[in-house]
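To start, the structure itself, in structure tokens.
Values below: all heavy atoms of this structure, side chains included; hydrogens, waters and symmetry mates excluded. Here the structure is a predicted model, which is why all the values come from computation and not from measurement.
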Amino acid sequence: MDTAPQSLIREYLSSLRSQRKLSEHTTDNYGRDLQELCALLWPPTKEAPTGAAEPDLRKITQVQIRKCAAQLHARGLNARSISRKLSAWRGFFAWLSMEVELKANPADGVKAPKKNKPLPKALAADDAVRLVSQSDPGKDPSSSMAACNRAMFELLYSSGLRVSELGAIDIADVRDGAYESAGWIDAENAEVTVTGKGGKKRKVPVGKAALEAISAWLPIRAPLVKADNGPDCHALFLTERGTRMSPRVTQLRLKAHGKSLEMASDVHPHMLRHSFATHVLQSSGDLRAVQEMLGHASITATQVYTALDFQRLAQVYDQAHPRAKKSDPK
């Protein structure tokens, strides 16, 4: 067998067509990935414009493959594309090991660099206030569910709650036999107690607007309470049937409400949590306080909001600073 790289690649691609019955388009993609590997392994120089004089694919090591993946990452290629190329290289070396003697598949165990986690999406302060304070223009603002929605949305944004925490809130701290409240509202002290991840309880302040919305909701809630619904009769937020409001129903209601107000973003409860954290951090700069209110076990989870804050500051700078503006091309 001719062990020159180009001959090996041609033979491999031929086997993909004849044995695996891959399409010409797919085979061409494999070919491009392998040609790129050769260019990375043996980059052309002035002395050798076509790369190394006698390259040998049989001697490639895992270290070299890892270095190739790192080069692709440094060029800005995303993790998914690098993973695809690594898969193509791995398949080629697996085939090569059946044709010639290889110590090991050098692409085995090499993984693409981890994807950067996208920053959480937060609403601008004006948009967040509009979302939680304005009524659905197509519905009666005095209806029972409109009042319920207003109270839920205000509380989500006011205290940065998870939607699961919101649904578990009772009107008071109830201890009735085997039942114990996971969360409750304390209007007198303007705070809400919730049970977060890991069963950890925490108290979070509740703002005036949320307290007023809850106060308006309570008289409407009373007729919906049904004693035969068990613990649901203690729930702060009820459906028309008198059952505890579920996270899914809250999600759907908030999404529909956002659409009715023609919000640019596809809003969801966690977006209000992100908005709460971002806006409090922007105003106070107190990362530890935000961590406690969100119920994060580690400060690392909260630090993502510093990136959002910096992102906002950078946008303000670009818009306002005269030396930040790009000059028009002439």
Side-chain angles (χ1 to χ4, degrees), residues 117-136 149-167 169 183 185-187 189-194 196-197 202-217 237 247 250-251 253-255 257-321:
K117 290 185 177 180
L119 291 175
K121 293 182 179 179
L123 295 166
D126 289 345
D127 287 338
V129 171
R130 184 163 73 92
L131 178 66
V132 302
S133 63
Q134 290 191 10
S135 301
D136 186 330
N149 290 350
R150 171 77 181 277
M152 289 195 301
F153 303 161
E154 285 278 13
L155 186 54
L156 279 171
Y157 177 51
S158 171
S159 304
L161 305 182
R162 300 179 178 94
V163 67
S164 58
E165 296 169 347
L166 179 87
I169 296 172
I185 193 78
D186 183 351
N189 292 311
E191 63 184 21
V192 61
T193 299
V194 293
K197 292 183 178 180
R202 71 182 190 280
K203 292 182 179 182
V204 189
V206 181
K208 181 181 177 182
L211 289 172
E212 289 175 349
I214 292 169
S215 179
W217 155 244
F237 299 114
T250 306
Q251 289 169 354
R253 289 189 178 194
L254 183 59
K255 182 176 182 178
H257 183 60
K259 285 185 176 180
S260 75
L261 296 179
E262 299 182 346
M263 302 290 290
S265 302
D266 187 10
V267 296
H268 51 81
H270 225 64
M271 186 178 286
L272 284 178
R273 179 170 161 87
H274 294 322
S275 302
F276 159 85
T278 305
H279 301 159
V280 171
L281 186 61
Q282 286 171 358
S283 299
S284 68
D286 193 334
L287 194 63
R288 286 289 180 186
V290 174
Q291 178 193 0
E292 289 181 15
M293 288 188 282
L294 290 177
H296 285 162
S298 168
I299 194 70
T300 304
T302 317
Q303 284 173 332
V304 66
Y305 297 107
T306 62
L308 282 180
D309 193 30
F310 178 79
Q311 191 177 65
R312 184 191 70 86
L313 291 173
Q315 290 172 349
V316 171
Y317 175 83
D318 288 342
Q319 293 168 3
H321 198 289

Using the salt bridge (charged side-chain N to carboxylate O under 4.0 Å, His left out) criterion, which residues pair with Arg273? Sequence neighbours excluded.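 Once residues adjacent in sequence are excluded, Arg273 has no partner under the salt bridge (charged side-chain N to carboxylate O under 4.0 Å, His left out) criterion.
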Atom [atom1] in [X], atom [atom2] in [Y]: separation rounded to 0.5 Å?
| X | Y | atom1 | atom2 | answer |
| --- | --- | --- | --- | --- |
| Leu156 | His268 | CG | NE2 | 12.0 Å |
| Ser133 | Glu212 | OG | CD | 12.0 Å |
| His270 | Ser275 | NE2 | OG | 11.0 Å |

When you measure from the side chain of [X] to the backbone N and O of [Y], does any donor-acceptor pair fall under 3.5 Å?
| X | Y | answer |
| --- | --- | --- |
| Ser158 | Gly207 | yes |
| Ser159 | Pro205 | yes |
| His257 | Gln134 | yes |

Let me check something: any side-chain donor-acceptor pairs from residues 288-297 under 3.5 Å, sequence neighbours excluded? List them with distances.
from	atom 1	to	atom 2	distance (Å)
Arg288	NH1	Gln291	OE1	3.1
Gln291	NE2	His296	O	3.3
His296	ND1	Thr302	OG1	2.8

Any heavy-atom pair between the side chains of [Y] and [X] that's under 4.5 Å?
| X | Y | value |
| --- | --- | --- |
| Leu161 | Leu155 | yes |
| Lys121 | Ser265 | no |
| Glu191 | Arg202 | no |

[X]: which residues meet the side-chain contact (heavy atoms from CB on, under 4.5 Å) condition with it, sequence neighbours left out?
| X | value |
| --- | --- |
| Thr193 | Trp184, Lys201, Lys203 |
| Ser284 | Val280, Asp286 |
| Leu254 | Leu131, Phe153, Val267, Pro269, Leu272 |
| Ser283 | none |

Residues forming a side chain to side chain donor-acceptor pair (under 3.5 Å) with [X], sequence neighbours excluded:
| X | answer |
| --- | --- |
| Arg130 | none |
| Gln251 | Arg248 |
| Glu154 | Arg150 |

Starting from the C-alpha separation in whole Å, work towards a yes-or-no answer on side-chain contact (heavy atoms from CB on, under 4.5 Å) for Ile214 and Ile185. CA-CA 9 Å; Ile214 292 169; Ile185 193 78; 3.9 Å; yes
Check the angle between the aromatic planes of Tyr305 and His274 and answer parallel, tilted or perpendicular using the 30° and 60° thresholds.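 Rings of Tyr305 and His274: tilted, 30 to 60°.
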Only counting residues at least two apart or in another chain, list the ones meeting ring-ring contact (aromatic ring centres under 6.0 Å, His included) with Phe276.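 With neighbours one apart ignored, the set is empty.
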Closest non-hydrogen atom pair between Met263 and Leu123, with its separation: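 Minimum heavy-atom contact is CE-CD2, 4.3 Å.
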Heavy-atom pair with the smallest gap, counting every atom of Thr250 and Leu166: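 Scanning both residues, the minimum pair turns out to be CG2-CD2, 4.0 Å.
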Assess whether side-chain contact (heavy atoms from CB on, under 4.5 Å) is satisfied between Val129 and Asp127, documenting all intermediate values. CA-CA 5 Å; Val129 171; Asp127 287 338; over 6 Å; no
